[in-house]
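Notes to accompany the following structure.
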Amino acid sequence: MIENIDDYDTIFVGYPIWHGDMPMIVYNFLESYDFSSKTIIPFCTHEGSSLAGTVQKIKNKLPDSTVLNGLTVRGNTAQNSPDDVESAVDNWLNEIGLPFKDDKSKIGEFDLENGKVLLNSGYEMPILGIGTYTLSDTQAENSVYWALKDGYRLIDTARIYGNETGVGRGIKKAIDEGIVKREDIFVTTKMWTSDYNNGENAIQASLDRLGLDYIDLMILHHSQPSNDVIAYKAMEKAVKEGKLHSIGLSNYYEPADFDRLVNAATLVPALLQNETHPYHQSTEMKEHISKYGTVMESWYPLGGRGHTQMLFNDETIKNIATEHGKTSAQVILRWHLQAGNIAIPGSSNEAHIKENSEIFDFELSETEMQKISSLDKDERFSTY
Ligand code: NAD
């Protein structure tokens with residue numbers, strides 16, 4: 001008897017295949033509780049019959065549950081090394097969108113050597129990406145393609161930028177030319193506020209425009225208390241269906257507003273994308289979201305359109321850049337990564353895109369980090 005079955009949204013059901021079927025006791029288990037609205041994940045060992053149609057049998061028994069693809073492993077270990085089994089389990093967890101194999105204590109820790117951070121969703125995310133705000137379809141296609149050639153693995157777009165199709169074309173070109181594989185890259189898009197009551201369609205439309213069968217991260221573009229929870233729940237459903245891997249938020253500037261959404265959600269946001277740069281360092285929000293294992297991603301990392309020169313010409317930043325033989329843009333981007341902000345500088349200029357990627361061959365000292373941290377004016381450039 002499981003008294004607290006209501007506490008579980010996701011239930012792994014494991015069994016051996018006996019004579020081409022699940023043991024009767026598993027059928028009894030499935031009949032004994034109300035599994036409607038829960039996610040059921042079957043896995044089994046077998047000696048030749050594989051899943052033996054048991055996933056379909058579970059689906060028939062539980063028509064109101066979401067039953068995910070099952071894993072089957074041959075019981076005879078002589079034919080399966082532990083490494084084979086482990087990688088089969090990893091692949092399966094990735095496929096069904098439950099990839100947690102890493103040490104959870106590493107969530108949110110920036111790995112500057114490999115350029116990645118582990119999200120609270122269990123997925124690894126690159127910490128430097130290409131931003132595509134204001135780019136046309138053609139510009140986005142080129143920028144994404146150049147960026148992937150330069151070693152970027154993170155791409156940021158949004159439905160409201162009107163360039164998801166171009167982004168998708170740039171990705172396809174790079175994949176077709178063998179520069180990257182789909183699983184090597186991390187694609188982020190955003191749901192626009194006017195789509196919040198129609199999230200399921202908005203997600204499918206973004207998938208179609210991007211030409212992808214899953215999106216690595218989808219975020220709500222803006223806080224909108226009237227219906228952002230509805231939109232977030234549509235994203236949670238899409239995670240269960242494997243259409244989205246991770247989900248998060250953008251433009252939540254008050255801890256209480258972030259908590260409002262988290263308290264209504266099942267999945268904790270993996271990431272918050274807010275305006276963040278040396279003059280607006282988002283210190284309070286970063287500290288707040290870190291309690292949830294949620295990471296900060298900086299939009300306007302270089303100060304954004306119209307304000308980049310102000311940051312590039314800041315004396316402190318300029319001096320540090322000269323010291324390292326780097327540009328101000330590179331110093332600012334390196335500061336973001338060392339400060340624990342994912343950065344997505346935007347550009348349609350091939351040389352700038354390359355320049356912005358060359359930030360893994362130097363390090364800012366603690367003193368330099370502190371000097372830049374002390375530039376914070378808590379001043380946003382955008383009123384958006
Ligand atoms: P940014 O801070 O990345 O600055 C971009 C500007 O800097 C552009 O004018 C570009 O030409 C210039 N630039 C880039 N690299 C340079 C270099 N090496 N030398 C000189 N100039 C350089 O601003 P952004 O692109 O607006 O923001 C970054 C990304 O964040 C966007 O592209 C978009 O993907 C995302 N974004 C999200 C939101 C949101 O509401 N969530 C809002 C704005 C932007």
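This structure is a prediction, so every number in the text was calculated from the model and none was measured. Counting starts at 1 for both ligands and their atoms, following the listed order.
Note on ring orientation: taking the six-membered ring where Trp is involved, the planes of Tyr161 and His221 are perpendicular (angle over 60°, cut-offs 30° and 60°).
Applying the 4.0 Å criterion to heavy atoms of Asp156 picks out, from ligand 1, the atoms 33 (C), 34 (O), 35 (C). Listed by number with element, the atoms of ligand 1 under 4.0 angstrom from any heavy atom of Pro345 are 3 (O). Within the listing of ligand 1, atoms 39 (C), 40 (O), 41 (N) sit less than 4.0 angstrom from a heavy atom of His221. Taking every heavy atom of Glu355 and a limit of under 4.0 angstrom, the matching atoms of ligand 1 come to 18 (N). Per-residue contacts place Thr308 under 4.0 angstrom from the following atoms of ligand 1 (heavy atoms of the residue considered): 4 (O), 6 (C), 7 (O). Taking every heavy atom of Tyr300 and a limit of under 4.0 angstrom, the matching atoms of ligand 1 come to 2 (O), 23 (O), 24 (P), 26 (O), 27 (O), 28 (C). Residue Gly304 approaches ligand 1 through these ligand atoms, each under 4.0 Å from one of its heavy atoms: 1 (P), 2 (O), 4 (O), 23 (O).
Backbone and side-chain nitrogen or oxygen atoms of Ser298 are examined, and none is located within less than 3.5 angstrom of a nitrogen or oxygen of ligand 1. Geometrically, ligand 1 and Phe312 share no nitrogen or oxygen pair separated by less than 3.5 Å. Any N or O atom pair closer than 3.5 Å counts here, and Ala329 shares no such pair with ligand 1. For ligand 1, none of its N or O atoms has an N or O atom of Ser347 under 3.5 Å away.
Closest to atom 31 (C) of ligand 1 among all protein heavy atoms lies Tyr133 CB, 3.4 Å. Nearest non-hydrogen protein atom to atom 11 (O) of ligand 1 is Gly346 O, 4.3 Å. Of the protein's non-hydrogen atoms, Asn356 ND2, 3.0 Å is the one closest to atom 15 (N) of ligand 1. Closest to atom 43 (C) of ligand 1 among all protein heavy atoms lies Trp299 CE3, 3.2 Å. Taking atom 2 (O) of ligand 1 as the reference point, the nearest protein heavy-atom neighbour is Leu302 N, 2.7 Å. In terms of protein heavy atoms, atom 28 (C) of ligand 1 is closest to Ile344 O, 3.0 Å. Closest to atom 36 (N) of ligand 1 among all protein heavy atoms lies Tyr161 OH, 3.2 Å.
Residues His245 and Tyr214 place their aromatic rings such that the two centres sit under 6.0 Å apart. Taking the ring centroids of Tyr123 and Phe186, they lie at or beyond the 6.0 Å cut-off. Two rings, from Tyr279 and His307, have their centers 6.0 Å or more apart.
Neither the backbone nor the side chain of Thr327 has any atom closer than 4.0 Å to an atom of ligand 1 (non-hydrogen atoms only). Of all the heavy atoms of Pro301, the ones lying under 4.0 Å from any atom of ligand 1 are found in both the backbone and the side chain. Of all the heavy atoms of Asn251, the ones lying under 4.0 Å from any atom of ligand 1 belong exclusively to the side chain.
Asp6 and Tyr8 share no side-chain donor-acceptor pair at under 3.5 Å. Judged purely by distance below 3.5 Å, without hydrogens or angles, the side chains of Gln56 and Asn60 pair a donor atom with an acceptor atom. Side chains of Thr276 and Asn274: no donor on one and acceptor on the other come within 3.5 Å. In the model, Asp21 has a side-chain atom that pairs as donor or acceptor with a side-chain atom of Tyr27 under 3.5 Å. With hydrogens and angles left out, the side-chain atoms of His288 and Asp259 include a donor and acceptor closer than 3.5 Å. Ser357 and Asp150 share no side-chain donor-acceptor pair at under 3.5 Å. Side-chain contact check for Lys243 and Gln204: at least one donor-acceptor pair (N or O, by modelled atom type) lies under 3.5 Å. No side-chain donor-acceptor contact under 3.5 Å links His222 and Asn251. Between the side chains of Asp156 and Gln273, a donor-acceptor pair is found at a separation under 3.5 Å. Glu164 and Ser206 share a donor-acceptor pair across their side chains, judged by distance under 3.5 Å alone.
Of the options His352, Arg305, Gln330, the smallest heavy-atom separation from atom 22 (C) of ligand 1 is shown by His352.
The closest approach between a heavy atom of Lys190 and any atom of ligand 1 is below 4.0 Å.
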